[in-house]
Amino acid sequence: MIRMSDVFKEYENGTKALKGVSFELQSGEFAFLVGPSGSGKSTIIRLLIGEIAPSDGTVIVNGQDMDNIKMRKMPYLRRTIGVIFQDFRLIENKSVYENVAFAMHVIGASKKDIRQRVPYVLELVGLEFKAKAKPDELSGGEQQRVAVARALVNNPKLIIADEPTGNLDPARSLEILTLLKKINELGTTVLVVTHEKPLVDHFHQRVIAIDGGRIISDAMDRYYDYEGQ
């Protein structure tokens, strides 16, 4: 599903963001990627979704070498990846239903498929009764669930959640992570990027820790303590 092998990334300004990162995430796994600000987490996400290329090393996502993939194949690969962002990125003048359906319109899904799939996904995330609401009529937790539904609607093999609870209170954060775990149990591979130790500890899953552009820990049920506490 994901394989990073001895990956280095140096930006044009000379910043060495990754210094030999290697890890694998198998189909159906759930894992957390943790680390302090500036550790390299965002660079890993950008590599996985094809926004940037590695300076050296290999990045494989859903069977595709991200450094050698032809541009015409990139849209098809991105359909197999659902991304959830911290800031929701919802379209304010569209309803919940329209926000989720938009992700299917983009890839050319038929109206029939959209009518069948969107209600199913909204029910999965507990928003079947909010389909007509606009984003500004929803709570923060509900908005993030719309973002989860949008990431899920095209039935991706992999979901990458980038600080999905960063703007939520602890109760809503737990709700979103519980939802992502439920989605994982239905067969989708999930990688959650976060710095929230209490949440990571609650779920007792694999934790990949990065600091200074290097993987410093990769183990089940262990959040690396950067402050020595």
Side-chain angles (χ1 to χ4, degrees), residues 1-2 25-33 41-42 44-51 61-64 66 74-92 94-109 113-128 130-131 133-135 138-168 172-194 196 199 203 205:
M1 188 59 61
I2 291 175
L25 191 65
Q26 301 299 326
S27 178
E29 270 198 90
F30 184 108
F32 291 102
L33 176 64
K41 303 190 304 296
S42 294
I44 287 176
I45 294 172
R46 296 181 69 196
L47 287 166
L48 294 178
I49 64 177
E51 280 191 359
V61 179
N62 294 343
Q64 293 287 342
M66 300 300 286
M74 186 62 77
Y76 298 98
L77 174 65
R78 285 180 174 161
R79 293 178 193 178
T80 71
I81 306 169
V83 184
I84 303 166
F85 298 98
Q86 178 178 342
D87 56 358
F88 312 146
R89 302 192 183 184
L90 303 180
I91 304 170
E92 292 298 326
K94 291 186 179 294
S95 68
V96 167
Y97 183 99
E98 291 167 336
N99 264 278
V100 177
F102 183 75
M104 296 188 71
H105 282 300
V106 167
I107 68 166
D113 286 343
I114 291 171
R115 286 196 302 267
Q116 291 177 342
R117 180 70 178 171
V118 174
Y120 165 76
V121 173
L122 289 179
E123 183 178 359
L124 183 64
V125 302
L127 289 175
E128 63 269 35
K130 298 277 187 173
K134 298 290 179 62
L138 305 175
S139 68
E142 288 171 333
Q143 290 185 53
Q144 189 61 294
R145 279 192 275 158
V146 177
V148 172
R150 185 182 54 194
L152 189 63
V153 73
N154 288 320
N155 197 26
K157 297 179 180 178
L158 168 67
I159 285 183
I160 299 172
D162 182 11
E163 298 283 2
T165 61
N167 291 324
L168 304 178
R172 300 290 79 76
S173 295
L174 181 59
E175 175 185 290
I176 292 299
L177 263 296
T178 300
L179 175 58
L180 289 174
K181 191 66 185 71
K182 176 183 176 181
I183 291 167
N184 168 250
E185 290 167 357
L186 293 173
T188 304
T189 307
V190 177
L191 178 65
V192 178
V193 181
T194 186
E196 297 191 46
L199 274 179
F203 285 90
Q205 299 293 315

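Numbers for residues simply follow the sequence, beginning at 1.
- Atom CE in Met1 sits 6.5 Å away from atom CG in Leu158 (nearest 0.5 Å).
- At least one donor-acceptor pair closer than 3.5 Å links the side chain of Arg150 to the backbone N or O of Phe88.
- Tested against Leu152, the residues Leu179, Leu180, Ile183 include a single side-chain contact (heavy atoms from CB on, under 4.5 Å) partner, Ile183.
- In plain terms, the two heavy atoms of Ala151 and Pro156 that are nearest each other are O-CG, 3.3 Å.
- For Asp162, the side-chain hydrogen bond (donor to acceptor under 3.5 Å, both in side chains) criterion is met by no residue, not counting sequence neighbours.
- Of all the heavy atoms in Pro164 and Leu177, the pair that sits closest is CG-CD2, 4.5 Å.
- A distance-only check finds no donor-acceptor pair linking the side chain of Gln205 to the backbone of Phe32 [under 3.5 Å].
- Within the 4.5 Å cutoff, no side-chain heavy atoms of Ile2 are placed close to those of Thr189.
- Counting heavy atoms from C-beta outward, Met104 and Asn154 have side chains that approach closer than 4.5 Å.
- Side-chain atoms of Arg145 come within 3.5 Å of backbone N or O of Val125 as a donor-acceptor pair.
- Using cut-offs of 30° and 60° on the angle between ring planes, the pair Phe203 and Phe30 is parallel.
- Between Glu185 and Lys182, no side-chain nitrogen of the basic residue sits less than 4.0 Å from a carboxylate oxygen of the acidic one, so the salt-bridge criterion is not met.
- Checking side-chain atoms of Ser139 against main-chain N and O of Glu142 turns up a donor-acceptor pair under 3.5 Å.
- Met66 has its side chain out of reach of Leu47: every pair of non-hydrogen atoms, C-beta onward, lies at least 4.5 Å apart.
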